[in-house]
Amino acid sequence: MKQQQIGDCYLASTMFGLAATKKGSDILRSRIKRHPPDDDLPQDGWTVKIQVPGYDENGVFTELEKEVIVGQEYINGITQGDDPSLYSIYEMAYGIANGDEELGNGGWSEEVLDSFGTIPTAKYYNVSLIDAAGPNNATTESGNKTTRYGFEKKAMQSIIEAAQSEDNTVVVTTFSENYFFDEYTHKAEVEATYLNDHYFEEEDYVNIVAGHAYTVLYADEEGLTVRNPHGSNPGSGHPPLMDNRTVPETITFSWQDASKVFGAFEVGDLSKYED
């Protein structure tokens with residue numbers, strides 16, 4: 001699955017996170033049905049169930065379920081091979097339900113998970129970036145809370161546990177306003193490992209993109225593995241503008257580097273999903 005020209009990395013990364021687990025894949029598939037449902041009639045699209053924020057008949061602001069008929073994909077939208085996929089179909093439904101312009105204006109994983117039904121989401125912020133005080137590369141006291149690499153220690157443990165569980169999706173977002181990112185390229189360099197075309201591990205400098213969402217595939221005390229919905233990551237040259245290399249979409253790097261680039265983690269609890 002690859003994000004194209006629409007700025008909906010938050011949607012692409014969340015859907016990939018869902019598809020990476022059996023529970024999440026089942027949720028994604030359950031929202032999309034053939035249209036019309038009668039197999040004896042020629043198919044002309046898909047019916048997608050989607051929740052959108054709005055006012056109910058009693059004037060209460062809540063999530064309202066809609067059925068959206070999708071007959072085509074976005075020309076410049078998410079791709080997976082040549083045929084329509086669950087990703088591209090849901091992307092179109094999300095755009096129809098929320099507005100095409102809103103789709104590309106950025107968003108949060110929490111909003112996407114809400115569109116599937118009730119999936120509780122916890123959000124953990126990088127305290128050091130919010131405070132503009134730089135990353136905490138060691139455990140320090142911040143008020144009454146202990147932080148490590150910019151994140152509250154308890155929050156960091158929750159992120160690690162979630163990234164190792166089949167019952168969670170984890171999406172991480174970089175902030176656009178972050179002094180670690182180059183003001184011209186809007187990228188920041190991290191030292192990462194990845195598997196090359198021959199499935200051998202390589203270590204190299206890789207650029208992380210500002211104002212972008214990544215799927216977290218795994219995390220432990222040493223670092224984390226993330227996937228870029230662009231389908232690749234920009235390599236880093238010295239200077240960066242001299243290098244147009246790309247490396248694979250999935251990379252692993254340390255929490256110390258992560259603390260410089262990642263602003264917020266969103267953890268969806270699939271075990272409490274309600275349709």
Side-chain angles (χ1 to χ4, degrees), residues 1-3 9-10 12-21 24 109 124-126 128-129 135-139 147-153 155-175 178 180-182 185-238 240 243-268:
M1 183 265 280
K2 185 177 179 181
Q3 177 196 1
C9 55
Y10 63 98
S13 290
T14 302
M15 289 195 294
F16 190 87
L18 285 169
T21 69
S109 176
Y124 304 106
Y125 288 100
N126 185 333
S128 63
L129 292 183
N136 297 304
N137 292 329
T139 301
T147 63
R148 186 174 183 221
Y149 298 124
F151 295 92
E152 293 176 20
K153 200 170 182 181
M156 184 174 167
Q157 188 58 41
S158 296
I159 294 166
I160 291 172
E161 291 175 359
Q164 296 181 15
S165 170
E166 282 283 308
D167 287 330
N168 297 104
T169 62
V170 185
V171 171
V172 64
T173 302
T174 58
F175 291 160
N178 179 349
F180 280 107
F181 287 95
D182 185 276
T185 65
H186 306 292
K187 296 172 184 176
E189 185 180 83
V190 299
E191 190 171 355
T193 59
Y194 55 87
L195 295 180
N196 62 24
D197 294 339
H198 302 288
Y199 298 99
F200 289 111
E201 187 175 277
E202 286 193 23
E203 185 172 336
D204 201 352
Y205 288 99
V206 179
N207 275 318
I208 299 296
V209 181
H212 192 46
Y214 297 76
T215 308
V216 179
L217 301 178
Y218 183 78
D220 58 23
E221 291 289 339
E222 301 301 317
L224 62 167
T225 300
V226 302
R227 178 189 183 274
N228 189 336
H230 289 165
S232 63
N233 284 287
S236 178
H238 299 279
D243 195 343
N244 294 319
R245 294 179 307 114
T246 61
V247 302
E249 61 194 35
T250 301
I251 57 174
T252 300
F253 53 99
S254 69
W255 277 102
Q256 183 167 347
D257 272 348
S259 70
K260 300 175 184 178
V261 293
F262 289 148
F265 286 82
E266 294 176 272
V267 176

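Note that the coordinates shown come from a computational prediction; the quantities given were computed from them, not determined experimentally.
For the salt bridge (charged side-chain N to carboxylate O under 4.0 Å, His left out) condition, the pairs that include at least one residue of residues 195-205, sequence neighbours left out, are Asp204-Arg245.
Listed here is the closest heavy atom pair of Ala219 and Gln164: O-NE2, 2.8 Å. Contact record, Ala192 with Val206: CB-CG2, 4.0 Å, taken as the closest heavy-atom pair. Counting all heavy atoms, side chain and backbone alike, Gly211 lies closest to Cys9 at O-SG, 4.4 Å. Between Thr185 and Asp182 the shortest heavy-atom distance is N-OD1, 2.9 Å. Heavy-atom minimum distance, Met1 versus Ala12: CE-O, 2.9 Å. Nearest heavy-atom pair across Lys187 and Pro234 is NZ-CB, 3.9 Å.
Under the 3.5 Å distance criterion, the side-chain polar atoms of Thr169 are left unmatched by any main-chain donor or acceptor of Leu18. In terms of modelled atom types and a separation under 3.5 Å, the side chain of Asn233 and the main chain of Pro248 share a donor-acceptor contact. In terms of modelled atom types and a separation under 3.5 Å, the side chain of Thr174 and the main chain of Val209 share a donor-acceptor contact.
Between Thr250 and Thr225, some side-chain heavy-atom pair lies under the 4.5 Å cut-off. Looking at heavy atoms from C-beta onward, Tyr214 lies out of side-chain contact with Val261 at the 4.5 angstrom threshold.
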Would Phe175 and Asn126 satisfy side-chain contact (heavy atoms from CB on, under 4.5 Å), going step by step from the backbone distance to the final call?
CA-CA 10 Å; Phe175 291 160; Asn126 185 333; 5.6 Å; no
In sequence, state the C-alpha distance, the side-chain angles, and the governing distance for Lys260 and Val190, and then conclude on side-chain contact (heavy atoms from CB on, under 4.5 Å).
CA-CA 9 Å; Lys260 300 175 184 178; Val190 299; over 6 Å; no
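One distance of note links CD1 of Ile159 with CD of Glu152; it measures 10.0 Å at 0.5 Å rounding. Thr14 OG1 to Glu266 CD: the interatomic distance, rounded to the nearest 0.5 Å, is 7.0 Å. Here CE of Met15 is found 9.5 Å from OH of Tyr10. Values are rounded to the nearest 0.5 Å. Atom CD of Gln157 sits about 5.5 Å away from atom CD of Glu221, to the nearest 0.5 Å. Here Leu195 contributes atom CG and Thr252 contributes atom OG1; the two are 8.0 Å apart, rounded to the nearest 0.5 Å. Atom NZ of Lys2 and atom CG of Asn228 lie 10.0 Å apart (nearest 0.5 Å).
Remark: Thr215 engages Ser13, Phe16, Leu217, Arg227 in a side chain to side chain contact (heavy atoms under 4.5 Å, CB included) (not counting sequence neighbours). Applying the side chain to side chain contact (heavy atoms under 4.5 Å, CB included) rule to Ser232 yields the partners Thr246; only residues at least two apart in sequence or on another chain are considered. For Phe253, the ring-ring contact (aromatic ring centres under 6.0 Å, His included) partners two or more places apart in sequence, or in a different chain, are Phe262. Annotation: side chain to side chain contact (heavy atoms under 4.5 Å, CB included) contacts of Ala162 (sequence neighbours excluded): Asn168, Val170, Val267. Taking the side chain to side chain contact (heavy atoms under 4.5 Å, CB included) definition, one finds that Ser158 meets it with Tyr124, sequence neighbours left out.
The aromatic rings of Phe200 and His198 sit tilted, their planes meeting at an angle between 30° and 60°. Ring geometry, Phe151 versus Trp255: the interplanar angle exceeds 60°, so the pair is classed perpendicular (tilted spans 30 to 60°).
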